[in-house]
Amino acid sequence: MQNHIPNDKVDKYIMKTKIIAFCILLWFGFSYAQHQVLAGTYQAGIKVFEDGQYKDAHSYFNQVCVQSADKDLRAKAMYMRALSSYRMEDYSDASYEFEEFQKLFPDHPLVYRAGLYAGNSYFLIGNYLASSRQFAFALISDNVKEQRIAQNALENLLWGYLPLELFPSLLDRVDRSVETIVGKLWLRRLQYNGEYAKALREGQKLLQRVYEPSDKKKIQEELARIEEYLKEHLIIAILVPQSGDYARYGNEVLRGINLAFSHSAQDVELKVIDSGGDPLTTAKAIDGLLQETNPLCIIGPITSNETVAAGAIAGTYRVPLITPSASRDGIAELSPYVFQMVASPVKASKYLASFVCDTMDTFAILAPDDELGHSCAMAFASEVSKNQNTLIGAQFYPIGTVDFSSFLKEIREPIVQYLDENFSKIDTTDTTIFDCQPDKGCFRRQPEEWLVHIDGMFVPGYYNDIEVILPQIPFMYISTTPLGANGWVVDDLMKNKKVKRYLDDCIIVPDDFYICETNPGWDEFRRLYKKRYGDTPSRISALGYDSAMLILNGIKNNALTQEIMRDYLSGIHSFQGAAGPVAFDENGANMETIILQFLGDTPIKIK
């Protein structure tokens, strides 16, 4: 049995098909007619354009742009509409219309020529960034003539018109193949303006952007010329007291600095400024210096108060500053551009604790009751806790104390109490509590005479305190290894007859003036210093020398701008200087310090 479609439905289907076909033919016919009309309009536009009637031509071309559905005709009309605006010297409309043509028809043969006209239009209305972008775009045309016109226009524009601060924006908007041309002109403009340091910095960034070996080579050649210039025009500022109470120390630092630069083949201008040892004078001096000149780096000041004033200003100008001898805690934290050669007493306390925690377990602290004393004690205690060691107690004495027995008694008390509570468990032969004599047996001592043991007692006191505390520790029946930082002036302690006998086994971070003759660089530095100046150097001279050597090493490694020098110094982790090792932490503070242990009254370097 076959399906049968009614005749009336077949007739309706055929009729519907005919209607649709008719409509399609009608539409094609209308479109063709409209195309013919618009093609005629376009030709009319061409005719009046050739007659110089650009306003009428613009009207014709605009009509075609709005009404034409033909891609090719519309593209030609859009181009000619923009060109009509250009010929009418309506450069604002012309620039917009050429860009619209480029966006809608990016593959059109006239797209690069549109870039030339758009570049001129933007130039004539003062938009140099957009003008440069258009000429850079036209530069990638396959047409040699268009390339030549675009390159000449771009070079003239970049050299004489585009503001320097707009070059980074332009680089982000041009084709990769044009980056090298734009980049080289930028670097040369910076050099022409005397901004060699910025040229080097931006050139190194540019080198990371380009991929083609030939382009990299061009940038590297430009960088080599910039580096050569900078090496011949380096300025290092030296800010030290040459007058006032600290002039002696300032001159010693200056001697060390001059010695370092005198033995270098690098030609550097040293600009020496007298800080006067005064924070206000220092602040005025460094501000005036940085307004007048552009030093690669500053060495100095030498005191903490001066450096606080100078460090903030140097950070504002983004100029690296190395203080050879300022030791106040937190100075390096003033700015990412400040570096501190000497470990502060607080950091020295931390480093000492970290070192002794490996071989000791129990600790006590006896410190001055002032800000520095508490800071040192806290740094030491934190490290003890971090290493899971035991802190028996901490006592703080008023400044000027001469009798420390009450404070030492308080330190003993927890141990005495523990021994008393566990007396029944203690062997009678233990001389900590019992006094055993031949033929008389063993007798219990009085608690105040019990000899208590603490592995290490940290004393971050001042020199006058230390010479009194050391004899009183054994007098108070405490067996311990004294640990020191801050006021442990080694040379004076060794000469002090009252203290010498109590120095044995002490482990300390020495004072800032202590010379450790076993430092790897000390012998050579002393030889050079004596040959030049005829006398023996101090440690502060060595600190000046080491500061200068760090900078010279940076220059050898092409750290020729302030930013690159700062980055170089931040990466110092194993410098062996005449004054001692240097390793800057993330803030620019020296993490290295010498640790001594006395054998009798002779200090021996153990770290």
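What you see is a predicted model, and the numbers here were worked out from it, not measured in a lab.
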What about the rings of [X] and [Y], do their centers lie closer together than 6.0 Å?
X	Y	value
Tyr397	Phe404	yes
Phe407	Phe396	no
Phe513	Tyr249	yes

Determine yes or no for a side-chain-to-main-chain donor-acceptor pair under 3.5 angstrom, with [X] supplying the side chain and [Y] the backbone.
X	Y	answer
Thr481	Cys506	no
Asn389	Ser385	no
Thr307	Thr323	no
Asn590	Ala583	yes
Glu333	Asn587	no
Thr362	Asp455	yes
Thr401	Pro398	yes

Can you tell me how far [atom2] of [Y] sits from [atom1] of [X], rounded to the nearest 0.5 angstrom?
X	Y	atom1	atom2	answer
Leu528	Tyr533	CG	OH	10.5 Å
Thr281	Ile286	OG1	CD1	13.0 Å
Glu202	Leu207	CD	CG	13.0 Å
Gln395	Leu366	CD	CG	7.5 Å
Leu234	Ile551	CG	CD1	10.5 Å
Ile572	Phe575	CD1	CZ	7.5 Å

Tell me whether the count of non-hydrogen atoms from other residues, nucleotides or ligands lying under 6.0 Å of [atom1] in [X] goes above 12.
X	atom1	answer
Arg501	CZ	no
Lys350	NZ	no
Lys284	NZ	no
Lys409	NZ	no
Glu448	CD	yes
Asp504	CG	yes
Lys271	NZ	no
Lys605	NZ	yes

Ion pair check, [X] and [Y], cut-off under 4.0 Å:
X	Y	value
Asp523	Arg526	yes
Asp546	Arg539	no
Lys607	Glu592	yes
Lys347	Asp329	yes
Glu252	Arg248	yes

Side chains of Asp370 and Tyr462: any donor to acceptor distance under 3.5 Å?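 There is such a pair between these side chains.
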State, without any angle test, whether Asp403 and Ser405 hold a side-chain donor-acceptor pair at a distance under 3.5 Å.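 Side-chain D/A pair, Asp403 to Ser405: present.
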Qualifying residue for side-chain hydrogen bond (donor to acceptor under 3.5 Å, both in side chains) with Tyr463, from Asn496, Asp492, Asp511: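 Single side-chain hydrogen bond (donor to acceptor under 3.5 Å, both in side chains) partner of Tyr463 among Asn496, Asp492, Asp511: Asn496.
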Are Arg412 and Tyr477 in a cation-pi contact, defined as NZ or CZ under 6.0 Å from the six-membered ring centre and within 45° of the axis?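 Geometry flag: not set, cation outside 6.0 Å or 45°.
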side-chain contact (heavy atoms from CB on, under 4.5 Å) against Phe525, all qualifying residues, sequence neighbours excluded: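 Here the qualifying residues are Leu259, Trp522, Tyr529, Pro537, Ser541, Ala542, Tyr545, Ala578.
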Quick check on side chain to side chain contact (heavy atoms under 4.5 Å, CB included): which of Leu239, Leu270, Val319, Ile236 does Pro295 satisfy it with?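 Option passing the side chain to side chain contact (heavy atoms under 4.5 Å, CB included) with Pro295: Val319.
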Who are the salt bridge (Lys or Arg N to Asp or Glu O under 4.0 Å) partners of Glu227, not counting sequence neighbours?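 Counting only residues at least two positions away or on another chain, Glu227 forms no salt bridge (Lys or Arg N to Asp or Glu O under 4.0 Å).
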How far apart are the C-alpha atoms of Arg527 and Glu524, what are their side-chain angles, what is the distance that settles it, and do they pass the salt bridge (Lys or Arg N to Asp or Glu O under 4.0 Å) test? CA-CA 5 Å; Arg527 183 186 69 79; Glu524 177 65 9; 2.7 Å; yes
